[in-house]
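Everything on this sheet refers to the single structure shown next.
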Number of protein chains: 2
Amino acid sequence: MDRLQIHIVISEELYTKNPESSELGKKIVSRSIEMIDELGFEAFTFKKLGQSIGSNESSIYRYFESKHMLLVYLICWYWSWIEYKLVFATTNIQSKEEKLSAAVEILTRKVDVDNSFSYVNEVILNRIIIAESSKAYHTKDIDTENEKGYYKVYKRVVQRVSNMVKEINADFDCPQMLISTVIEGAHQQRYFSEHLPSLTNVQEGKDTIVQFYNNLVFKVIN
Amino acid sequence: MDRLQIHIVISEELYTKNPESSELGKKIVSRSIEMIDELGFEAFTFKKLGQSIGSNESSIYRYFESKHMLLVYLICWYWSWIEYKLVFATTNIQSKEEKLSAAVEILTRKVDVDNSFSYVNEVILNRIIIAESSKAYHTKDIDTENEKGYYKVYKRVVQRVSNMVKEINADFDCPQMLISTVIEGAHQQRYFSEHLPSLTNVQEGKDTIVQFYNNLVFKVIN
DNA sequence: TATTTTTCAATAGTATTACTATTATATTTG
DNA sequence: CAAATATAATAGTAATACTATTGAAAAATA
């Protein structure tokens with residue numbers, strides 16, 4: 001049977017020319033994901049990317065205004081994809097608790113199967129989100145970029161899960177704070193477990209991070 | 001009465017020449033804190049810093065190998081200072097719960113009085129930690145830098161508070177995970193409350209962030 | 001005191017980076 | 001087939017992070 005074909009649509013402000021509109025555009029996205037993961041965001045340049053895909057540096061600027069904007073694009077793509085996963089995994093679950101628990105799992109687990117989209121490797125993209133995404137919003141331009149709506153998908157994901165929290169406990173005052181703590185915390189713990197292990201308590205085999213944050217959420221809201 | 005004079009000692013690996021050893025060195029540290037806060041880490045350069053303190057760019061390289069190393073130095077300074085605050089604020093507290101609560105407050109509150117050290121403004125430094133510190137360890141060199149001990153003070157702070165958790169509940173499996181989640185979460189929430197407020201639930205007047213994480217800690221460990 | 005050694009910081013650079021202006025080549029349209 | 005448009009390559013520029021070298025001041029030694 002054919003796989004369900006869905007399509008991630010990215011807001012026009014995030015690119016100069018839609019990378020989905022040409023083969024070169026898709027190559028830019030897919031190869032940039034691999035290269036940012038390999039080199040890190042600082043050492044990654046449009047020049048290197050151009051060389052690697054047999055194209056010119058300046059051609060890449062036709063698609064993305066800067067490497068910062070490319071990162072913002074990738075982040076937006078990731079959260080759009082997570083939002084789809086989230087909605088798909090939580091609709092038709094009757095129990096409010098099970099629903100929230102499924103949502104927390106989606107937000108905190110490691111992505112390890114590259115499943116749906118031809119030119120985007122979600123496994124690698126997940127690693128980029130963990131290691132590099134904070135660099136996108138920790139800049140002096142955050143306020144104007146936020147006004148332009150660059151982070152609205154991420155905020156919508158937080159809002160969706162916050163609503164699930166509110167359904168379980170309408171009196172709980174800080175659902176957004178809790179959910180954004182869980183998302184960012186899980187990413188950070190995954191990074192720490194690889195590079196600064198004494199800041200975590202990750203055990204072999206089971207996914208300690210998913211369990212820890214699932215437990216945390218339910219203890220805090222009750 | 002004279003103020004208690006204490007002294008933050010920074011490990012030698014973090015600088016080329018000890019900035020405390022000369023007036024220029026102290027000026028570099030104190031003015032760099034102001035400029036990183038004003039310009040952001042990306043736009044901050046040694047050239048601009050040199051111009052601002054009436055000195056040459058290359059003179060600054062005598063003290064710090066790179067702007068990255070200067071940031072690592074500042075982060076280390078900050079956590080050494082927090083460690084001092086932490087020990088000072090928690091010794092002689094009998095109740096284990098009160099002790100942990102005092103520690104969590106130290107870790108999550110906003111620094112708003114520049115109190116003890118002549119050439120370091122802790123209020124501004126706290127803002128730098130919140131906005132820029134993740135850029136120090138989200139690099140490809142993290143593993144070698146961690147081996148060299150660049151982050152050992154931070155890890156020691158986490159360990160100290162984790163021990164307090166263990167004293168209250170020896171069966172709790174993930175104290176480091178909890179405490180690093182709290183520290184990083186509180187910083188992130190403070191940043192969000194200023195720039196991406198829909199990810200938080202910060203209210204006027206009271207310090208919601210301190211309350212939230214204090215409540216979280218005790219709910220999770222019991 | 002004289003001389004050597006060391007410390008210190010300024011000058012003047014280089015290599016690299018992010019980004020842009022212009023030109024050449026396809027492709028589409030009338 | 002010609003004009004208009006889309007596309008990408010060439011060849012830049014300005015700024016940045018960092019370095020090599022030199023000259024002067026301070027300190028140590030004879």
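The sequence lines fix the lettering, A, B, ..., with proteins before strands; numbering per chain opens at 1.
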Legend entry - salt bridge (Lys or Arg N to Asp or Glu O under 4.0 Å) evaluation trace for A:K148 with A:D141: CA-CA 11 Å; A:K148 289 184 197 157; A:D141 299 320; over 6 Å; no
Legend entry - Those residues that, when tested against A:R31, pass salt bridge (Lys or Arg N to Asp or Glu O under 4.0 Å) (two or more places apart):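 Listed in chain order: A:E34, A:E38.
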Legend entry - With sequence neighbours excluded, residues passing salt bridge (Lys or Arg N to Asp or Glu O under 4.0 Å) with A:K26: A:E23
Between [X] ([atom1]) and [N] ([atom2]), how many Å, whole number?
{"X": "B:L39", "N": "D:dA15", "atom1": "CG", "atom2": "C1'", "value": "15 Å"}
{"X": "A:F44", "N": "C:dT16", "atom1": "CZ", "atom2": "C1'", "value": "16 Å"}
{"X": "A:K48", "N": "C:dA15", "atom1": "NZ", "atom2": "C1'", "value": "13 Å"}
{"X": "A:K47", "N": "C:dA15", "atom1": "NZ", "atom2": "C1'", "value": "10 Å"}

Inset, instruction - Look at the side chain of A:T200 and the backbone N and O of A:Q189, then say whether any donor-acceptor pair between them is shorter than 3.5 Å. - result: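 No, because the side chain of A:T200 does not come within donor-acceptor range (under 3.5 Å) of the backbone of A:Q189.
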Legend entry - Geometric class of the B:Y73/B:Y15 ring pair [parallel <30°, tilted 30-60°, perpendicular >60°]: perpendicular
Legend entry - Salt-bridge present (B:K135, B:E42; N to O < 4.0 Å):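 Counted as a salt bridge, because a side-chain N and a carboxylate O are separated by less than 4.0 Å.
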Legend entry - Of residues 51-75 of chain A, the positions that come close to DNA chain D - non-hydrogen atoms, cut-off under 4.0 Å: A:S55, A:N56, A:S58, A:S59, A:R62, A:Y63
Inset, instruction - Identify, with sequence neighbours excluded, every residue that meets side chain to side chain contact (heavy atoms under 4.5 Å, CB included) alongside A:Y191. - result: A:I130, A:A131, A:H195, B:Y137, B:H138, B:I142
Legend entry - Residues that A:T16 engages under side-chain hydrogen bond (donor to acceptor under 3.5 Å, both in side chains), provided they are two or more places apart: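 Counting only residues at least two positions away or on another chain, A:T16 forms no side-chain hydrogen bond (donor to acceptor under 3.5 Å, both in side chains).
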Inset, instruction - Enumerate the residues from residues 19-35 of chain A whose closest heavy atom to DNA chain C is under 4.0 Å, giving them by residue number; use none for an empty result. - result: none
Inset, instruction - Ignoring backbone atoms, establish whether A:K17 has a side-chain N or O less than 4.0 Å from OP1 or OP2 of D:dT7. - result: yes
